Amino acid sequence: MNADQALQDDAPPQQEPRDFEHPIVVHGLRNAFGDHVIHDDLSLEVRKGEILGVVGGSGTGKSVLMRSIIGLQQPSAGDVCVLGQNMTEKADDDEIDIRSRWGVLFQGGALFSTLTVGENVEVPLKQFYPGMSESLRSEVARFKVRLSGLPDEASFKYPSELSGGMRKRAGLARALALDPELLFLDEPTAGLDPIGAAAFDELTRELKETLGLTVFLITHDLDTLYAICDRVAVLADKKVIAVGTIPELLALDHPWIQEYFNGPRGRAADTSRARQAEHALPAGSANGGNKTGEVNEAGA
Ligand SMILES: Nc1ncnc2c1ncn2[C@@H]1O[C@H](COP(=O)(O)OP(=O)(O)OP(=O)(O)O)[C@@H](O)[C@H]1O
């Protein structure tokens, strides 16, 4: 199959009014800084309940895409629709409503260093639920801290007193503060040791399954892609050039995709995932394969 065959559909987004089969729909996106064009006619649809991995070389605009989706980057053209809300046409009230329906873990965690972990988690609660009592707010924050796999006492620590992995979990606790439907993770396992990264992947998968989250996950981590992503979107040439499961992407002849997944690191990640799958399954039932399906040429 040709990479061109997996290009996004040119049709304008058909956003369902209430059920949001695709809670994120991006169509014809253009972003530029001066004459540096980052995205040109980029389209992407994220399915409800999936973990979508977003990959691409450094500087291809993964973080700018995420910022465009959450309204922190005003695109020069195109439409971004999140949970039925057109992000380029929203009124102030709409913006407040929609921002309470997603959580974001930025690269580095972006925690306030002068606040404890618990107080950090309370920040969005104070902002969106100003009438909530102090004791309930503190209780909710402590629950989110535990939900993120941190011990209760971490709520009372400052970010500087935590390890890198714990800071990521604290950032995740804050992202979960408002019971979001969508979770945006920007390189969540960067800087973690392999065991910490695998534990964070497992936590992401568990949270997605138990809370019914849709996850937009930017990563360079091949292990994460193999372990938890339902589909992967590839950014190159200012666009999303393909979206699909890893086997579907491997069937494309795009050189970057081939080098990325079939290079030494990609093969190692695949082998390691296959070994883990074999150990996890009863004897004789392991087939070492990934989930398969069709590359959706509309990116959906
Ligand atoms: N506010 C800004 N002003 C000017 N240029 C910017 C701005 N934000 C991002 N860029 C540029 O946009 C390009 C894409 O940046 P972005 O951070 O989205 O890349 P990325 O794919 O996430 O990279 P990485 O994988 O290295 O994190 C880069 O060339 C970056 O320098």
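Order of listing sets the numbers, starting from 1, for every ligand and every atom in it. As the structure is a prediction and not an experimental result, all values here were calculated from the model.
Nearest-heavy-atom check against atom 24 (P) of ligand 1 across Gly57, Ser63, Ser58, Ala190 picks out Ser58. When Gln73, His39, Arg67, His220 are checked for heavy-atom proximity to atom 8 (N) of ligand 1, Arg67 turns out nearest.
Remark: minimum distance from atom 14 (C) of ligand 1 to any protein heavy atom is reached at Gly59 O, 3.5 Å. Scanning all protein heavy atoms for the shortest distance to atom 31 (O) of ligand 1 gives His36 CE1, 5.0 Å. Taking atom 18 (O) of ligand 1 as the reference point, the nearest protein heavy-atom neighbour is Val64 N, 2.9 Å. For atom 21 (O) of ligand 1, the closest heavy atom belonging to the protein is Lys62 NZ, 2.8 Å. Of all protein heavy atoms, the one lying nearest to atom 27 (O) of ligand 1 is Glu187 OE2, 3.4 Å. Summary of contacts: the protein heavy atom closest to atom 12 (O) of ligand 1 is Ile38 CD1, 3.2 Å.
Classification of the Phe184-Phe216 ring pair by plane angle, with boundaries at 30° and 60°, yields tilted.
Salt-bridge check for Asp41 with Arg30: failed, with every basic side-chain N at 4.0 Å or more from each acidic carboxylate O. The existence of a salt bridge linking Arg137 and Glu122 is confirmed by a sub-4.0 Å separation between a basic side-chain nitrogen and an acidic carboxylate oxygen.
Distance check, rounded to the nearest 0.5 Å: CG of Leu213 to CZ of Arg205 gives 13.0 Å.
Screening Leu111, Thr116, Leu115 against Pro159 for a side-chain contact (heavy atoms from CB on, under 4.5 Å) leaves a single residue, Leu111.
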Residues Ser68, Asn31; criterion side-chain hydrogen bond (donor to acceptor under 3.5 Å, both in side chains); working and verdict: CA-CA 9 Å; Ser68 305; Asn31 277 304; 2.9 Å; yes
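Both Val26 and Val104 are members of a single hydrophobic cluster when ILVMFWY side chains are connected at heavy-atom separations under 4.5 Å.
Ligand 1 has no nitrogen or oxygen under 3.5 angstrom from a nitrogen or oxygen of Phe33.
Heavy-atom proximity to Gln107, at under 4.0 Å, picks out these atoms of ligand 1: 27 (O).
At a 4.0 Å heavy-atom cut-off, ligand 1 touches Thr60 through backbone and side chain alike.
At a threshold of 4.5 Å between non-hydrogen side-chain atoms, the residues Glu181 and Arg101 count as touching.
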